Every structure is written in structure tokens, then in C-alpha cells.
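Everything below concerns the one structure shown next.
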Amino acid sequence: MSTLAAMTQPLASSAAPLAANLVQSVDWLAIAPPTLAAVVGLVVLVADLFVGERRKALLGWVSVTGLAASALLLLPLLDGDRRTFCLTGDADVCSYAADRFTLVIQFLGLGGALLAALLSVTTLKDADKRLPEGEYWFLLLSSAAGAALLPASRDLATLVVALEVASLPAFALVGIRHGDRKSSEAALKFFLSSVTATAVSLMGISFVYASTGTLYLTQIADRIQNVDGQLHTLAQTGVVLTLVGFAFKTAAVPFHFWVPDTYVGAPLPIAAYLSVVGKTVGFSGLILVTVVALPSYADVWGPALATLAALTMTVGNVGALRQQATRAYSAVRLLAWSSVGQAGYLLVPIAAAAYSDDAERSVGSTVAYALMYAAVNLGAFAVAALVGRTRAANRITDYRGLYATNPLAALLLAFFLLCLAGLPPGIIGLFAKVTVFSAAVDAGLGWLAVVMAVNVVIALFYYLQWTTLLFRAPEGEPAAHRVPAPLTAALALTGVLGVALSGAPQLVLRFTDTGLF
């Protein structure tokens, strides 16, 4: 017995420190925004079982309120950086960080989800019970919770979980219209591309973990520089596969094929959600993996991202340019191809971070551009949702003479398109593009700045062509567009935000200092 006790005593003493290291602190205020969105989603799902058909609309307003409350919970976190789920042995190694970068991206994600929810209230009402409301709101809130969790993730396990929590409900939302062939096809394409991206990412992450022995981003950054020679090839392969997986998530060319059909097949508010929040998820994950976890491999991901940026903006803008105005759903397809082109612009500063002495400022240019893009692109989708209520095919030609029937909507859409083009009075679009230009030039990527300049000129043509169509004389009997209260709120919010940022662009440009490092 004494021998057995002597043998077990060292085991017990070694287990105690191990157990202590697994006990992590929890800052409930720091994790409140994504937690509240998830809790409200569960409440809506359960309430759907007990709420009668006549009161299903209440679920939508509960969801809108929950998303607004989640966004407001970001305010108490502005006083400084907060970290939680940290190792007791090393308080600087944490799984969750609520720093400046996190809060800006969470605001973008939750704000985008809130505007998509406002558009959804009208869409579900017009669907006349053809869309299951309880499931719809649960899926939207779940995806928003994942989108809010991802920018705070500081280890690869949490990052992948957040990415899938944001993505999996989105598949179902795209195909939620039962019996709709376009919706089912769109959901299938979206699902297959995203599953492929996840599989490739997980393979890459497993290689990185095998090489470094850790999943924490800061520890990976330190250890991957000193990988054993026998594991060097494994580490390089892991880096490449991880980048390829996130390229799928950002809809970078050649991994963009799912975008146009998915946007057309999905309910319009979900297309708007994917165009902004979906991209936010992909780009924030890409920033964390490259700039935070793998800065020593900048010579690998820098040229790769620069090439992807050039290809993505070119293919996206050429695709938008080729849209036929009389084709069914051409307005949505143009916005889809435009979002691919905008993704190319967003990639430019991340690529520049590999070459720049001030990587934080380069990454901040992406964040500033994303804020501008989110506000005006959601506004463009809101006007598309308004026109789609009376013109189900949503052709570009359906917008001819919109100024004659709804002057405010026409002026707002013209303003949003000019912002995307980077022309006055869309000053914020111009300033955001200049910020991206300067990031490329300062990093010595003059060729990429030239490619971007050419693409901006290409984009001017189709943005201005659509804008001028709004003010032409309508053909035939003009359709009256009644604007419901939720749709009015979405248009007002995006319009006020776009005008305010154009009047004071420094409000966005100040986010070039992300506090990520």
C-alpha cells in the first residue's frame, strides 16, 4: 500500500497544476454582446411554439430589440481593452479579447444584422406565412451571435467555432423558402463552397497546431518562427491551406462562384446580410490569422493576398459591367458582382500589411473601408427591397423613373451608388478609397494601386448608368412604392449614417488605429 501511495502522490501533484491551468476567468460584460444575441435567439425559438399565428410578428420585433440591445452593450466596453477565458498561468494568453478592433467589427456585424432584421420584418409580412418566422429569426440571431464572437477570438479553436456558428445558420436562411428551386440551388452552392472552405481551413489549422503545439494566436506567432526543421514544410503547408480556406469565406476570386446565384436565390434581407456581415466575418478572421498569428510568414501570404485582391476586384467589376438591365434579378446580380469587386478593395490593405512598417494602420484601412461599405451597401439593398415589393423580378430597368414615384428613395439610392463609386457627394466613399490607395502605395505596391485605379474607373460606368436611370422619364404606368415603417427605418438609418460620414469622414478614418497590436 505504501508503494502504491508513493506512486500516486506524484501523479496527483502533477494533475493539480494542470487542472489549475484549465480554470479560466470569465468577464461576463466582455462577452455580453454575442451572448445576448444567442439568448434572444433561443427565446424566440421557444416562444414560437406558444405564440399564435396572428402574433408571429412580435417575434420579429423581439429580435430587432435583441440585436439593438446587443449593439448597445458595446458602449460599456469602450473604456479599455478587456480579456477573458485566459490561462491562469499567463494572463496575456486569452481566448477572447474585447479590444478596439473587436468592438468596431462587432458594431459592424450587429449593426448589419439589425438593419437586415428591419428589412426582414417587411419581407416576412409580404411572404404571407410562406416563410417560417420562428426558425427565420432564430437562425438570423444565431448567425449574428457567431459574427459577433469571431472578431473577439484569439485562438484558432474559438475562431473556427465562431466561423461555423455564423455560417451554418446562413445556409438554412438562404434556402428557407420551401419549394423554391432558386432558393434550394442557391443554398446548395453556398453550402458546398463553405463546407469546402471549412475542410481546407481545418486541415491547415491542424498542420499549424502540429507544428507549434498551440492554438493561441499570439503563441503561434512566437513559436512558428522557431519550428523544427523537420516540421517546416508542414507549417508552410498549414499556412497556405488556412489562407485558401479564408479566401473562400471572403468570396475572393476564384472562390467567388457561389455569390451571384446565392444572392438571387436568398430572401433579399439575407442577401444584404451576407454582403456585409458575411464579408465582415471572413475578413476579420483573415486579419487575425495573417497579421496576428502569422506575421513571420508575410512573405507567403502578402503576395498571395495582393494577387487575390487584383483578381477579385477585376472579375467582380467586369461581372457587374456585363449585367443586362432587362434580365430578371439583374439589380440583385449587379449588387452581388459589385460586392465581389468591393471585396478586392478590402483585401488590398491586408496584403499591404505584409510589406508595411505600420501593419496596424494598413489593417485599419480595411476596417475603415468596411464601415463605409456596410452603411451604403445595406442602404442600396434596402431600396432594392422597396422596389422588389412591386417589381418581383427586380430588373435594373424597373428603377427607371423611380424619382417620379418616390423621390426620396431615388435620391438615397443615387447617393449610395455614388458612395460605392467614390464620387461626390458620396465623400465617405472617396475618402475610404483614398485610404486604401495610400495603404497600397505606402507599402510599395504601386502595381496594385494602378490595378485598383483601373477598376474604380470600370465601376464608375455601371454605377453611373444605374444612377442616371433613376431620373429618366418612366416607361408606361409608374408603380407606386408604399414604404412600411420597418423599411422606412432601415432607409433612414443607412441614409443618415451615409450623409453623416460624408460630412465628417474622420469618424470612420479614425479607425485606421485598430488597437489590435
Side-chain angles (χ1 to χ4, degrees), residues 33-48 51 55-74 105-127 129-149 165-174 176-177 263 266-281 374-386 388-389 483-497:
T35 302
L36 180 60
V39 169
V40 174
L42 291 173
V43 169
V44 168
L45 183 65
V46 174
D48 182 53
V51 175
R55 297 189 175 183
K56 292 287 186 183
L58 291 175
L59 301 177
W61 291 111
V62 170
S63 301
V64 169
T65 304
L67 288 169
S70 297
L72 288 174
L73 282 175
L74 297 174
I105 300 299
Q106 284 183 335
F107 170 74
L108 204 160
L110 291 171
L114 174 61
L115 287 166
L118 287 171
L119 296 179
S120 298
V121 171
T122 301
T123 298
L124 289 170
K125 184 178 179 181
D126 292 343
K129 301 181 177 59
R130 291 192 301 272
L131 292 174
E133 296 196 32
E135 292 91 330
Y136 184 99
W137 292 116
F138 167 72
L139 292 168
L140 182 60
L141 286 161
S142 299
S143 182
L149 173 62
V165 171
S167 300
L168 290 173
F171 306 151
L173 285 168
V174 170
I176 201 169
R177 287 192 294 223
Y263 283 23
L268 203 56
I270 302 306
Y273 177 83
L274 292 175
S275 74
V276 171
V277 181
K279 277 188 172 48
T280 301
V281 167
V376 299
N377 204 62
L378 283 169
F381 269 102
V383 178
L386 172 63
R389 298 185 74 228
V483 190
L487 195 50
T488 301
L491 287 168
L493 284 172
T494 53
V496 168
L497 189 58

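Start at 1 with the first residue, then count along the sequence. Being a predicted model, the structure only gives us computed values, none of them experimental.
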Would you list the atom pairs, donor with acceptor, under 3.5 Å between side chains in residues 113-122 and any protein atom, with sequence neighbours excluded?
| unit_1 | atom_1 | unit_2 | atom_2 | d |
| --- | --- | --- | --- | --- |
| S120 | OG | A116 | O | 2.7 |
| S120 | OG | Y136 | OH | 2.6 |

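For the pair I176/P132, a side-chain contact is recorded, criterion being any heavy-atom separation below 4.5 Å from C-beta on. Counting heavy atoms from C-beta outward, T35 and L73 have side chains that stay 4.5 Å or more apart. The shortest distance between side-chain heavy atoms of R389 and L487 falls below 4.5 Å. Two residues are said to be in side-chain contact when any heavy atoms from C-beta on lie closer than 4.5 Å; W137 and V62 fail this criterion. Under the 4.5 Å side-chain criterion, counting only non-hydrogen atoms from C-beta, E135 is in contact with D48. Contact annotation: the side chain of L108 approaches that of V276 to within less than 4.5 Å [non-hydrogen atoms, C-beta and beyond]. For the pair W61/P486, a side-chain contact is recorded, criterion being any heavy-atom separation below 4.5 Å from C-beta on. Residues F138 and L42 meet the side-chain proximity criterion, which asks for heavy atoms closer than 4.5 Å.
Distance OG1/T494 to CG/L378: 7.5 Å, rounded to 0.5 Å. Residue S142 holds its OG atom at 10.5 Å from CG of L168, rounded to the nearest 0.5 Å. Atom-to-atom distance recorded for I270:CD1 and L140:CG is 5.5 Å, nearest 0.5 angstrom.
The shortest heavy-atom contact between A166 and A170 is O-CB, 3.9 Å. Contact between S63 and V40 at its shortest, heavy atoms only, is CA-CG1, 4.4 Å. Contact detail for A271 and A266: the closest heavy-atom pair is N-CB, 4.3 Å. Taking every heavy atom of both residues into account, L491 and A382 meet most closely at CD2-CB, 3.6 Å.
Crowding of K125 atom NZ: a count of heavy atoms from other residues, nucleotides or ligands under 6.0 Å not exceeding 12.
A side chain to side chain contact (heavy atoms under 4.5 Å, CB included) with I105 is found for exactly one of T280, L110, V281, namely T280.
A distance-only check finds a donor-acceptor pair linking the side chain of Y273 to the backbone of A144 [under 3.5 Å].
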